Amino acid sequence: MQNILNSPFITEMCEITSNMYRLGWNERNGGNISLLLDEAELAPYLDTDAVLRRIPTGFDAPSLEGRFFLVTGTGKYFRRVAADPENTLGIVRLADGGRTAELLWGYSDGGKFTSEFPAHMMSHMARLAVDPENRVVMHCHPTNTLAMNYIHPLDDRSFTRTLWQMCTECIVVFPEGVGVLPWMVCGNNEIGAATAEKMKLYRTVVWGMHGIYCAGKSMEETFGLVETVEKAAQIFILTAGKPRINTIRDCELRALAEAFGVEYRRDFLD
Ligand code: 13P
Ligand code: ZN
C-alpha cells in the first residue's frame, strides 16, 4: 500500500482548505467539503474492505449506496487540515441505502463527518442527477457574500442579476445563476433537502446570512466558483451606498453570454 498522505486527493484537499482559510472563507471550524472518489483511486492507498467504524447518517441516500467520499470532520479547523489530515478528514463509504457511513480512514480522534453531511450528500444526489461528472460539494462563509446578504434582497433572480452586474466574467462562470435560501437552522435534513432542491437548478446556493454552497466536477472548478461569486460580492460591498453612475446593462450581459455561447437564465434579465 502507498502512503495515503501522498495521494492526489489528500494533497489537493490540504492545499484547497489552506487557501480557503487564508482567504477568510473558513474561520474556526466554519465550512466543510465532500469529494466523491472512485474505488480505483482509493485502491493503491486503502483496503476498502477494512471498515474502522460504522456511523449512522440519519438520512436516506439510495443513489449513493456504495459510493466513497473524502469529507471534512465536524468541528475541525480548516487552518489545521494540512498539518493534521488524518484527524481533520475522513473517508467513508455509504451503506444501507445511505443510512450508514462506513469509516475507512481518518477522524482519528474518534470524530465524525461534518454536521452538514445531509446537505452535502443530498446535494451530491441532486447534482449527479443533472451532471454525472459532479464530484465536489464545498461550503464556506465568504465575508463579502455574507455581508451582501444583509443589504440585498434574498431571492434567486435579483441576487443573481446583481452579481452578474458586478464583474464581467460572472455570467460566463455561472450562467445558470445562483439559488438563494432564507436563513434556516443548519446541520439538519431540512436545510439539506432545501439545498438539494436548489441544486437541481444551480451549482451555487447561498444560505441566507450563513454562507455559500458550491458544487462542481473538480475541487479547482468548485473553488473557482466560490471565488467568482465572492469577488462579485466584494465589488458590491465596495460600491454599496455610493451613487452608481455606471453598470453593465442587461443588453450587454446578454451579448456577453451569447459571445461566450453559454446557456444562461434569460428570465433573470429585464
Ligand atoms: P462542521 O464543523 O460540522 O463542518 O460545521 C461547520 C459549518 O460551517 C456549519 O454550517
Ligand atoms: Zn456553515
Side-chain angles (χ1 to χ4, degrees), residues 10 13-14 16-36 53 55-59 61 69-92 94 101 103 105-124 136-150 154 159 178-199 202-215 219 222-223 225-227 229-230 233:
I10 298 288
M13 185 64 93
C14 291
I16 291 266
T17 48
S18 298
N19 274 304
M20 292 173 78
Y21 170 70
R22 285 194 201 97
L23 286 163
W25 302 352
N26 297 81
E27 74 292 343
R28 199 173 183 275
N29 65 309
N32 20 76
I33 302 178
S34 57
L35 167 68
L36 177 62
R53 280 189 274 145
I55 312 171
T57 65
F59 57 85
F69 291 91
L70 172 62
V71 191
T72 54
T74 185
K76 303 301 183 193
Y77 291 24
F78 269 37
R79 185 172 60 78
R80 295 284 305 151
V81 171
D84 197 5
E86 192 158 1
N87 186 28
T88 52
L89 305 173
I91 295 175
V92 296
L94 289 184
L103 181 65
W105 176 85
Y107 308 141
S108 59
D109 65 356
K112 65 176 206 170
F113 42 75
T114 172
S115 59
E116 305 297 358
F117 202 50
H120 279 257
M121 294 301 111
M122 292 180 196
S123 294
H124 275 286
V136 180
V137 173
M138 190 177 273
H139 167 56
C140 56
H141 306 159
T143 311
N144 294 285
T145 307
L146 207 37
M148 183 173 166
N149 282 205
Y150 290 85
L154 294 177
F159 206 87
V178 306
V180 184
L181 289 177
W183 183 90
M184 293 173 77
V185 173
C186 57
N188 58 32
N189 291 356
E190 286 67 39
I191 200 167
T195 309
E197 196 53 38
K198 292 283 185 192
M199 284 275 179
Y202 309 104
R203 290 169 299 152
T204 308
V205 180
V206 170
W207 276 11
M209 290 156 285
H210 179 142
I212 193 171
Y213 264 77
C214 283
M219 295 278 271
T222 315
F223 180 93
L225 195 49
V226 179
E227 200 173 28
V229 170
E230 172 62 359

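Just so it is clear, the model here is predicted, and its values are computed rather than measured. Every number for a ligand or one of its atoms is a count from 1 in the order of the listing.
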Is the closest side-chain heavy-atom distance between Arg203 and Leu225 below 4.5 Å? yes
With backbone taken as N, CA, C and O and side chain as the heavy atoms from C-beta onward, which portion of Asn32 lies under 4.0 Å from ligand 1: side chain, backbone, both, or neither? side chain
Distance filter under 4.0 Å to Gly30 heavy atoms, resulting ligand 1 atoms: 8 (O)
Measuring only between side-chain heavy atoms, which start at C-beta, is Ile212 closer than 4.5 Å to Pro142? yes
How are the rings of Trp207 and Tyr213 set to each other: parallel, tilted or perpendicular (split at 30° and 60°)? tilted
N/O/S atom of Cys186 inside 2.8 Å of the Zn ion (ligand 2), strictly under: no
Which ligand 1 atoms does His141 reach within 4.0 Å, using its non-hydrogen atoms? 8 (O)
Gly73-ligand 1 polar pair, N/O distance under 3.5 Å: no
Atom CZ in Phe223, atom CH2 in Trp25: separation rounded to 0.5 Å? 4.0 Å
Strictly under 2.8 Å, is any N, O or S atom of Cys140 next to the Zn ion (ligand 2)? no
Going from CE on Met20 to CE on Met13, what distance comes out if it is rounded to the nearest 0.5 angstrom? 9.5 Å
Considering the heavy atoms of Glu116, write down every atom of ligand 1 situated less than 4.0 Å from one of them. 9 (C), 10 (O)
Do His120 and Phe113 have their ring centres less than 6.0 Å from each other? no
Is any side-chain heavy atom of Thr88 closer than 4.5 Å to a side-chain heavy atom of Tyr77? no
Which value, rounded to 10°, describes the NE2(His139)-the Zn ion (ligand 2)-NE2(His141) angle? 100°
From CA spacing to verdict: side-chain contact (heavy atoms from CB on, under 4.5 Å), Ile10, Trp105: CA-CA 11 Å; Ile10 298 288; Trp105 176 85; 3.6 Å; yes
Numbered atoms of ligand 1 (with element) below 4.0 Å of His210, judged on heavy atoms: 10 (O)
In His210, the N, O or S atom nearest to the Zn ion (ligand 2) is which? NE2
When you compare the side chain of Ile33 with that of Ile16, does any pair of heavy atoms fall below 4.5 Å? yes
Pull out every atom of ligand 1 sitting under 4.0 Å from any heavy atom of Thr74, numbered as shown with elements. 1 (P), 2 (O), 3 (O)
Under 4.0 Å to a heavy atom of Asn29 - the qualifying atoms of ligand 1, by number: 1 (P), 2 (O), 5 (O), 6 (C)
Decide salt bridge (charged side-chain N to carboxylate O under 4.0 Å, His left out) for Asp109 and Lys76; before the verdict, give the C-alpha distance in whole Å, the side-chain angles of both, and the deciding distance to 0.1 Å. CA-CA 11 Å; Asp109 65 356; Lys76 303 301 183 193; 2.5 Å; yes
Would you tell me which option among Cys140, Ser115, Gly187 has the nearest heavy-atom contact to atom 5 (O) of ligand 1? Ser115
Which protein non-hydrogen atom lies closest to atom 8 (O) of ligand 1, naming both residue and atom, and how far is it? Gly31 N, 2.8 Å
For His139, the ligand 1 atoms whose distance to one of its heavy atoms is below 4.0 Å: 8 (O), 10 (O)
Pull out every atom of ligand 1 sitting under 4.0 Å from any heavy atom of Thr114, numbered as shown with elements. 1 (P), 3 (O), 4 (O)
